[in-house]
Protein chains: 2
Amino acid sequence: MSREPQTRGRAATLEDVARVAGVSRATVSRVVNGVRNVDPGIQSAVREAITATGYTPNHAARSLVTRKAGTVALVVSGAGDEGEDTDPGFAARVFADPFFGRAVSGIIGYLRPHSLHPVLLFAETEAARAEAIAYLRQGSADGALVVTTHPADPLPARIADTGVPAVLFARPALPVPLSYVDLAHRDGAALAAAHLLARGRRTIATITGPLDVLAGQERFTGFREAMARHGHAWVPFAEGGFTLASGETAMRRLLDEHPGLDGVFAANDLMAQGACQVLRERGRRVPADVSVVGFDDSTAAVTANPPLTTIRQPVEEMAAEMARLLHTHIESGAAEPVAVVFDPELVIRASS
Amino acid sequence: MSREPQTRGRAATLEDVARVAGVSRATVSRVVNGVRNVDPGIQSAVREAITATGYTPNHAARSLVTRKAGTVALVVSGAGDEGEDTDPGFAARVFADPFFGRAVSGIIGYLRPHSLHPVLLFAETEAARAEAIAYLRQGSADGALVVTTHPADPLPARIADTGVPAVLFARPALPVPLSYVDLAHRDGAALAAAHLLARGRRTIATITGPLDVLAGQERFTGFREAMARHGHAWVPFAEGGFTLASGETAMRRLLDEHPGLDGVFAANDLMAQGACQVLRERGRRVPADVSVVGFDDSTAAVTANPPLTTIRQPVEEMAAEMARLLHTHIESGAAEPVAVVFDPELVIRASS
DNA sequence: GTGAAAGCGCTAACAC
DNA sequence: GTGTTAGCGCTTTCAC
């Protein structure tokens with residue numbers, strides 16, 4: 001079953017295959033790399049020799065001459081604490097976010113067919129950031145896909161400095177000469193506003209994301225502006241932190257101040273879920289008494305009770321596009337930074 | 001701020017540094033690799049030349065001669081469907097499991113200080129498995145850390161065949177000559193039984209995990225045996241699937257058949273959480289009327305309502321141990337496969 | 001269409 | 001303590 005030729009001793013090299021096939025190394029290389037101009041007869045002879053020897057190309061050797069690592073760094077950049085110790089829970093927290101799984105899913109989807117492999121790089125401390133930069137400069141990866149949680153993350157700028165191709169998820173707070181993929185957050189929020197209004201809601205509040213994060217700001221601004229366009233100059237709001245608990249707290253405050261509200265737009269699904277819980281706790285039926293709209297269309301939107309009407313952020317496609325952009329930049333050498341902005345979409349479920 | 005010497009043209013090589021410092025390549029190499037026997041004066045001259053040139057060692061070149069990739073494959077092996085298409089949701093589902101985040105956290109914790117980098121490898125289809133094997137045989141990774149969800153996964157055996165060092169999470173269903181890290185599931189279940197009994201519970205049921213998964217079997221067996229030792233020869237049970245929904249379903253069945261039950265052991269926290277919901281729905285107070293014990297001590301245990309008494313599985317430490325074992329195997333060349341089994345621990349919270 | 005030969009950037013004997 | 005010299009395994013002109 002598991003015959004493993006050439007298992008003893010060192011692994012087979014191009015040289016070994018060439019000797020067995022009775023040709024030169026160059027020819028074997030051509031066959032392996034699918035270069036045309038090789039006689040069909042010789043071609044099959046070489047193939048036989050390859051299976052006979054159990055040959056597998058040595059990646060390092062190939063990399064050395066092609067100057068391609070076949071690898072892409074998946075950099076998850078964190079809060080940016082200057083703390084000495086690495087944050088042990090960082091990875092766990094990142095992975096706990098449904099967003100990350102979807103992003104990885106999309107990234108893998110593109111990378112795999114192109115024989116690129118993602119190397120996980122967490123950069124949550126200064127030391128880790130320095131290490132990540134060193135890693136990139138070593139040429140260990142052909143490029144970097146960067147996901148940041150922190151608004152004022154210094155890493156993107158430093159990556160740009162290395163000259164290694166890189167693509168960011170979301171527009172950086174400070175301009176950086178790197179390509180990025182983003183969502184039209186304002187349009188998404190406007191979609192939510194229009195929907196709530198179309199449902200006949202009149203007293204509509206919003207639970208914002210953290211207002212020092214761009215996405216938080218944009219969703220808030222977009223919502224307010226859309227409401228204003230429909231004649232609602234003032235929108236009651238409470239700031240949340242994109243977590244379930246913060247959604248609950250915000251909802252309580254909103255309800256205390258505006259007991260008569262009949263519509264809520266939460267800047268993400270987790271907070272919308274928290275809002276629903278509090279609403280029910282306070283005797284409001286969702287959606288009979290109050291309509292709730294979330295944002296992201298994460299797994300939370302589907303598992304919530306009731307399932308959430310939400311603004312879909314196509315994370316998988318956005319992540320795949322990141323990978324595609326990066327690949328393009330790697331292939332083309334230079335290339336100007338570009339921004340690809342995706343359109344959100346209203347997904348109607350039971351909460352509105 | 002961001003001076004980047006030698007940015008134009010090719011990156012600096014050892015040769016360049018040697019020329020600038022007026023020494024030989026070998027000496028620079030010695031300094032870079034911290035080999036003693038280098039004159040302090042020359043040492044600092046070399047260091048200066050290094051910063052002057054902006055030198056960074058080329059990873060591929062180093063790899064080629066040291067035969068070390070500085071990389072470890074993090075293989076997540078899936079259901080093993082023979083389906084043609086790759087499963088788009090696989091990565092997302094894996095990441096959604098709190099277990100995975102904790103495992104990665106522990107792995108990174110060990111790998112990082114040892115300058116090893118994890119490459120993500122999903123192997124959920126036959127094609128992906130073949131690719132993963134090829135990747136390992138190329139020498140792109142020095143070893144593999146394998147996490148399998150599927151009981152009859154063919155991948156571990158094939159990895160063993162490659163001769164590349166590898167360590168598994170959990171004992172494989174079929175014996176494979178690879179090291180693994182596991183938990184004493186039976187002891188954990190026994191801990192749960194003893195605790196429930198100590199709480200004065202008399203009619204105790206269990207929601208098992210999937211019984212075709214080793215962990216599911218072991219937790220069930222351990223629980224039954226412990227209960228038997230305490231005079232409870234028969235334990236009502238319902239099989240679940242380690243998901244929240246399956247916990248709910250199982251709890252309903254159990255309650256229908258044994259309305260008087262006053263204790264439940266669920267084989268994981270998610271199912272325990274589902275059980276609590278159903279219990280409350282049916283008018284039982286937790287823990288006043290029914291004590292509930294989960295397993296894993298995942299994030300679900302803490303966020304559940306009420307917070308769950310559970311059996312802690314030290315995933316981070318287990319994962320770190322995997323990495324440590326792998327590192328040892330890589331360094332020592334051969335080495336016999338070993339098994340490291342961790343002890344579970346009772347964590348008491350509000351549900352019992 | 002195929003082979004010979006040069007070299008990618010680095011480490012590691014081995015001399016001195 | 002430092003320099004010289006071989007390669008590591010591969011791709012890629014350049015002749016033929």
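Keep in mind it's a predicted model, so treat the numbers as computed, not measured.
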Please list, in 5' to 3' order, the outermost nucleotides of DNA chain C lying under 4.0 Å from any heavy atom of chain B. C:dG9 to C:dA13
So, using salt bridge (Lys or Arg N to Asp or Glu O under 4.0 Å) as the criterion, who are the partners of [X] when residues are at least two apart?
{"X": "A:R171", "result": "none"}
{"X": "A:R62", "result": "none"}
{"X": "A:E48", "result": "none"}

[X] has an atom [atom1]; how far is it from atom [atom2] of [N], in whole Å?
{"X": "B:Q43", "N": "D:dT2", "atom1": "CD", "atom2": "C1'", "result": "13 Å"}
{"X": "A:K68", "N": "D:dT12", "atom1": "NZ", "atom2": "C1'", "result": "16 Å"}
{"X": "A:L14", "N": "D:dT12", "atom1": "CG", "atom2": "C1'", "result": "12 Å"}
{"X": "A:L64", "N": "D:dC8", "atom1": "CG", "atom2": "P", "result": "13 Å"}
{"X": "B:R137", "N": "D:dG9", "atom1": "CZ", "atom2": "C1'", "result": "16 Å"}

Would you sort out whether B:L14 and B:S29 count as a side-chain contact (heavy atoms from CB on, under 4.5 Å), showing the intermediate values? CA-CA 7 Å; B:L14 219 46; B:S29 176; 4.0 Å; yes
Is the distance from OP1 or OP2 of D:dG9 to the nearest side-chain N or O of A:N58 less than 4.0 Å? no
Applying side chain to side chain donor-acceptor pair (under 3.5 Å), name anything that partners [X], two or more places apart in sequence or on another chain.
{"X": "A:R67", "value": "none"}
{"X": "A:T56", "value": "none"}
{"X": "A:R30", "value": "none"}
{"X": "A:H59", "value": "none"}

Residues that B:Y110 engages under ring pair (Phe, Tyr, Trp, His ring centres under 6.0 Å), provided they are two or more places apart: B:H114, B:H327
Under the rule for ring pair (Phe, Tyr, Trp, His ring centres under 6.0 Å), what residues qualify as partners of A:F122, not counting sequence neighbours? A:F90, A:F95
What are the residues of residues 22-35 of chain B, sorted by number, that bring a heavy atom to within less than 4.0 Å of DNA chain C? B:R25, B:A26, B:S29, B:R30, B:N33
Report for the helix from C:dG1-D:dC16 to C:dC16-D:dG1: angle between first-end and last-end helix axes, five pairs each, rounded to 10 degrees. 40°
